[in-house]
Number of protein chains: 2
Amino acid sequence: MVKINEVAAAAGVSISTVSYALSGKRPISPATRRRIEEAVRTLGYSPNAGARMLAGSRTQIFALTEPLRRDTHAPTHMAFVLATAVAARRSDYDILLLTDEDAKAGMSRVAANGLVDAILVLDVAPDDERVVLARAISTPTIFIGVPDDSDGLVCVDLDFAAAAALAVDRLADAGHTSLGLVGQPDVSYAKSNFPPRVRSAFEATAERRGLQAAFGTTGTKRTSRTATRRTVSQLLDAGATAFVLHCTEEAHAVVLAELAERGLNVPGDVSVVSVGASFDTGALATPVDSIPLVPEASCDLAVSLAIRSLGDDRPEPGLRLIPPTYESHGSVASVHRAPEPGPATDSDIHREEAVH
Amino acid sequence: MVKINEVAAAAGVSISTVSYALSGKRPISPATRRRIEEAVRTLGYSPNAGARMLAGSRTQIFALTEPLRRDTHAPTHMAFVLATAVAARRSDYDILLLTDEDAKAGMSRVAANGLVDAILVLDVAPDDERVVLARAISTPTIFIGVPDDSDGLVCVDLDFAAAAALAVDRLADAGHTSLGLVGQPDVSYAKSNFPPRVRSAFEATAERRGLQAAFGTTGTKRTSRTATRRTVSQLLDAGATAFVLHCTEEAHAVVLAELAERGLNVPGDVSVVSVGASFDTGALATPVDSIPLVPEASCDLAVSLAIRSLGDDRPEPGLRLIPPTYESHGSVASVHRAPEPGPATDSDIHREEAVH
DNA sequence: TTGAAAGCGCTACCAG
DNA sequence: CTGGTAGCGCTTTCAA
């Protein structure tokens with residue numbers, strides 16, 4: 001492994017000059033800079049990571065903690081890991097994986113031994129145990145996701161509540177008066193932080209707009225075809241003319257297939273909007289309007305906050321909620337014929353039932 | 001961050017004694033050892049990672065390179081990453097993620113700057129570009145998967161060929177004379193290293209045993225329900241009375257559903273064996289015999305080889321193929337009635353058709 | 001069984 | 001604009 005003194009010798013300068021040329025922390029004459037860069041290239045020099053850490057107290061490594069529970073949706077998770085890694089590399093950072101059985105052990109360790117400059121927290125649970133730990137350590141920590149108690153933390157996420165509200169508003173504007181939400185498997189409402197946010201915003205906005213709102217999940221522990229089908233039919237029975245989907249790609253496909261089988265046309269008979277999907281809903285059998293969850297958006301922001309945490313303008317603690325965007329794919333249509341007013345009672349209007 | 005001299009002071013010994021007590025590289029009297037451990041605990045000492053790297057030239061970090069192509073099957077991939085991380089932590093190693101757009105860049109970098117002690121290569125392609133690089137760098141590199149040209153490399157993998165052969169043999173022993181292989185999406189046969197190994201061993205063993213063998217994939221770029229269904233019916237049309245499955249969990253479910261819909265009973269009418277699955281085939285609607293791919297097996301071995309590479313008994317280059325194991329779940333039955341010998345010609349016997 | 005001290009390769013301060 | 005050099009915190013000889 002070639003070291004800095006060899007580069008210095010090859011370029012005919014001192015090692016401090018090489019160091020400064022590489023870090024850009026002080027002006028170097030174009031001539032010497034060129035000679036140094038030349039030497040670096042021909043010798044294939046790359047500064048020793050350990051020495052750098054020790055001397056500079058910057059490791060150029062971020063830890064990424066991910067509990068990897070059994071019910072984690074692998075594709076989405078992978079998209080976040082990838083997006084984080086790419087964003088980090090853009091700023092010359094590497095990612096150290098912390099998949100500890102006991103998430104706290106890994107975080108404490110890297111916080112204590114100075115292996116990483118900051119910690120990024122993925123797959124945040126409502127009552128995440130990493131929250132208390134983050135407050136205790138001095139290593140800057142950024143949450144990608146919002147725990148119940150986010151006091152004093154720096155958190156980044158899609159504004160799921162606004163996304164759900166946006167979906168409901170669009171459908172309401174199109175004249176729909178009865179909506180159905182096809183949600184995640186039951187377990188996600190306890191273990192993850194965002195499904196509940198979607199659900200309550202869905203219900204609250206529907207209530208505000210005076211719409212009927214029904215809710216159903218796509219399984220117990222994981223997405224199941226039969227549970228999804230059952231939910232679709234129950235939501236239809238409840239009178240839904242529009243669906244909000246907050247579920248896996250497979251569940252999207254099942255919902256669309258189920259509607260097609262019943263001869264229901266999208267958007268002719270039923271309108272559909274997807275919320276928080278991180279795959280391309282335009283590529284489904286029936287393209288579906290989407291208010292997507294964009295991993296790159298959250299992860300880029302998280303990385304830039306992590307980097308800022310190391311400098312002077314440390315970011316204020318608080319939530320950074322990314323505003324939702326609406327992608328049209330033609331799956332929402334206005335309701336033209338007046339809705340047949342059945343013998344609806346007041347209590348029906350605000351009904352919201354869990355279907356499992 | 002508390003440092004070694006503080007521990008030494010607290011324990012009333014020299015810093016070298018602390019260092020040796022922690023590394024166990026020389027005998028320490030029980031009394032001093034106790035005092036040191038005590039001090040370490042109360043002070044919460046953890047040796048500075050950078051200093052350790054610099055002085056000891058051991059980083060306690062392994063790089064894990066994973067190209068993360070679009071067609072990567074996320075759940076399987078995640079299982080391997082997790083298994084690697086867990087195995088590494090057991091030996092006090094952390095995992096640095098290398099998801100570079102350009103895999104080679106990351107590997108060269110960590111090899112040049114000494115950030116990692118060894119590199120683990122995941123998701124190996126037949127003509128993987130990381131192969132040439134691995135030969136060029138001095139950082140020990142372990143492949144989890146087998147590239148076409150594995151000369152001089154240390155590779156670990158399930159013996160997919162033996163697994164496929166075992167499946168065919170079991171079915172042949174049960175009296176089946178016509179087998180169908182439900183494989184991966186087409187693209188995997190070019191981009192991945194193991195699907196071709198399964199397919200060719202399947203065909204070769206069938207030929208050796210004098211069986212008919214037909215082959216079909218589960219999609220073009222990714223697993224699709226319709227493609228899988230079509231393959232099932234084409235294999236049945238080809239006369240298959242037994243299926244070997246080498247596909248995703250979803251595809252397994254589709255195959256079983258398709259058989260059930262046709263009133264075909266498993267194992268009464270059709271026998272089924274799964275090869276290379278890393279999920280629980282016993283938990284499917286119809287439990288299926290399995291010759292599983294166990295991520296832990298490959299990853300544990302890979303990690304132990306990586307560690308050995310750092311010591312004196314460096315492992316010889318070469319393939320370490322893990323022998324397959326057979327898990328019964330009752331999905332294979334003997335064929336009792338003699339097979340009706342249709343007007344089979346010689347060319348039919350060895351027919352093998354790709355169904356897409 | 002224990003200590004003292006020489007580096008590991010780099011960053012960043014102090015000089016010039 | 002450029003050099004010299006003192007550490008960074010640890011591991012590991014060399015001595016006792």
Side-chain angles (χ1 to χ4, degrees), chain A residues 1-37 39-40 43-61 92 109-117 310-311, chain B residues 1-37 39-40 43-61 92 109-117 310-311:
Chain A
M1 266 181 0
V2 35
K3 358 198 257 201
I4 198 170
N5 58 348
E6 309 179 39
V7 176
V13 295
S14 74
I15 61 170
S16 59
T17 301
V18 174
S19 177
Y20 283 118
L22 262 42
S23 68
K25 288 189 181 170
R26 84 179 181 191
I28 303 287
S29 79
T32 30
R33 146 153 287 136
R34 207 172 11 259
R35 294 213 312 286
I36 291 174
E37 283 168 352
V40 165
L43 297 181
Y45 169 72
S46 183
N48 178 279
R52 227 173 170 179
M53 289 187 197
L54 190 53
S57 55
R58 272 292 205 291
T59 70
Q60 299 296 84
I61 300 176
D92 259 302
R109 185 165 43 82
V110 298
N113 70 13
L115 219 197
V116 306
D117 290 341
L310 308 174
Chain B
M1 265 180 2
V2 36
K3 1 199 255 199
I4 198 171
N5 58 350
E6 310 179 37
V7 176
V13 295
S14 72
I15 62 172
S16 60
T17 302
V18 174
S19 176
Y20 283 117
L22 262 42
S23 69
K25 286 189 181 169
R26 84 178 180 191
I28 302 286
S29 78
T32 19
R33 146 153 288 134
R34 205 171 13 260
R35 293 212 314 286
I36 291 174
E37 284 169 353
V40 164
L43 297 183
Y45 170 71
S46 183
N48 178 278
R52 221 168 175 183
M53 288 186 195
L54 188 55
S57 55
R58 272 290 206 292
T59 71
Q60 298 297 95
I61 301 177
D92 258 300
R109 185 165 44 83
V110 297
N113 68 13
L115 218 196
V116 306
D117 291 341
L310 308 175

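All heavy atoms count here, side chains included; hydrogens, waters and symmetry mates do not. The chains referred to below are lettered A, B, ... by the order of the sequence lines, with proteins before strands, and numbering in each begins at 1.
- Within 4.0 Å of A/Ser23, counting heavy atoms only, lies no atom of the nucleic acid at all.
- Listed here is the closest heavy atom pair of B/Val18 and B/Ala8: CG2-CA, 3.6 Å.
- With sequence neighbours left out, the side chain to side chain donor-acceptor pair (under 3.5 Å) criterion links B/Ser16 to B/Ser14.
- Considering every non-hydrogen atom in both A/Ile36 and A/Ala21, the closest pair reads CD1-CB, 3.7 Å.
- Within residues 49-56 of chain A, the residues that have a heavy atom under 4.0 Å from DNA chain D are, in order of number, A/Leu54, A/Ala55.
- Minimum heavy-atom separation, B/Gly44 to B/Val2: O-CG1, 3.6 Å.
- Applying the salt bridge (Lys or Arg N to Asp or Glu O under 4.0 Å) test to residues at least two apart or on different chains, the pairs with a partner in residues 16-35 of chain A are A/Arg33-A/Glu37.
- If you check residues 6-19 of chain A against DNA chain C, the residues with a heavy atom closer than 4.0 Å are A/Ser16, A/Ser19, listed by number.
- A/Ala39 is linked by a side-chain contact (heavy atoms from CB on, under 4.5 Å) to A/Val7, A/Ala10, A/Ala11, counting only residues two or more places apart in sequence or in another chain.
- A distance of 3.5 Å separates CG in A/Asp117 from OG1 in A/Thr59, rounded to the nearest 0.5 Å.
- At the heavy-atom level, B/Arg58 lies nowhere under 4.0 Å from the strands shown.
- Distance A/Arg33 CZ to D/dT2 C1': 13 Å, rounded to the nearest Å.
- Atom CD1 of A/Ile4 and atom C1' of D/dG3 are 13 Å apart (whole Å).
- Remark on DNA chain C: of its neighbouring residues B/Arg26 and A/Arg26, the 5'-side contact belongs to B/Arg26, judged by nearest-heavy-atom nucleotide.
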Would you be so kind as to tabulate the donor-acceptor pairs closer than 3.5 Å made by side chains of residues 45-54 of chain B, with sequence neighbours excluded?
{"from": "B/Asn48", "atom 1": "OD1", "to": "B/Gly50", "atom 2": "N", "distance (Å)": "2.9"}
{"from": "B/Asn48", "atom 1": "OD1", "to": "B/Ala51", "atom 2": "N", "distance (Å)": "2.8"}

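- Residues forming a side-chain contact (heavy atoms from CB on, under 4.5 Å) with A/Arg109 (at least two apart in sequence, or on another chain): A/Leu98, A/Asp100, A/Asn113, B/Arg89, B/Asp94.
- What separates CG of B/Asn5 from P of D/dC8 is a distance of 9 Å, to the nearest Å.
- Counting only heavy atoms from C-beta outward, the side chains of B/Leu115 and A/Ile61 approach each other to under 4.5 Å.
- Between the two ends of the helix from C/dT1-D/dA16 to C/dG16-D/dC1, each summarised by a five-pair axis, the helix axis turns through 30° (rounded to 10 degrees).
- From A/Glu6, atom CD reaches atom CG of A/Leu43 across 7.0 Å, with rounding to the nearest 0.5 Å.
- In this structure, the CG atom of B/Leu22 is 13 Å from the C1' atom of D/dG9, given to the nearest Å.
- Taking atom CG on A/Asn113 and atom C1' on D/dC10, their separation rounds to 13 Å, with Å as the unit.
- Scored by the side chain to side chain donor-acceptor pair (under 3.5 Å) test, A/Ser29 finds A/Thr32 as partners (sequence neighbours excluded).
- Bracketed by its first and final contacts, the part of DNA chain C lying under 4.0 Å from non-hydrogen atoms of chain B reaches from C/dT1 to C/dG9 in 5' to 3' order.
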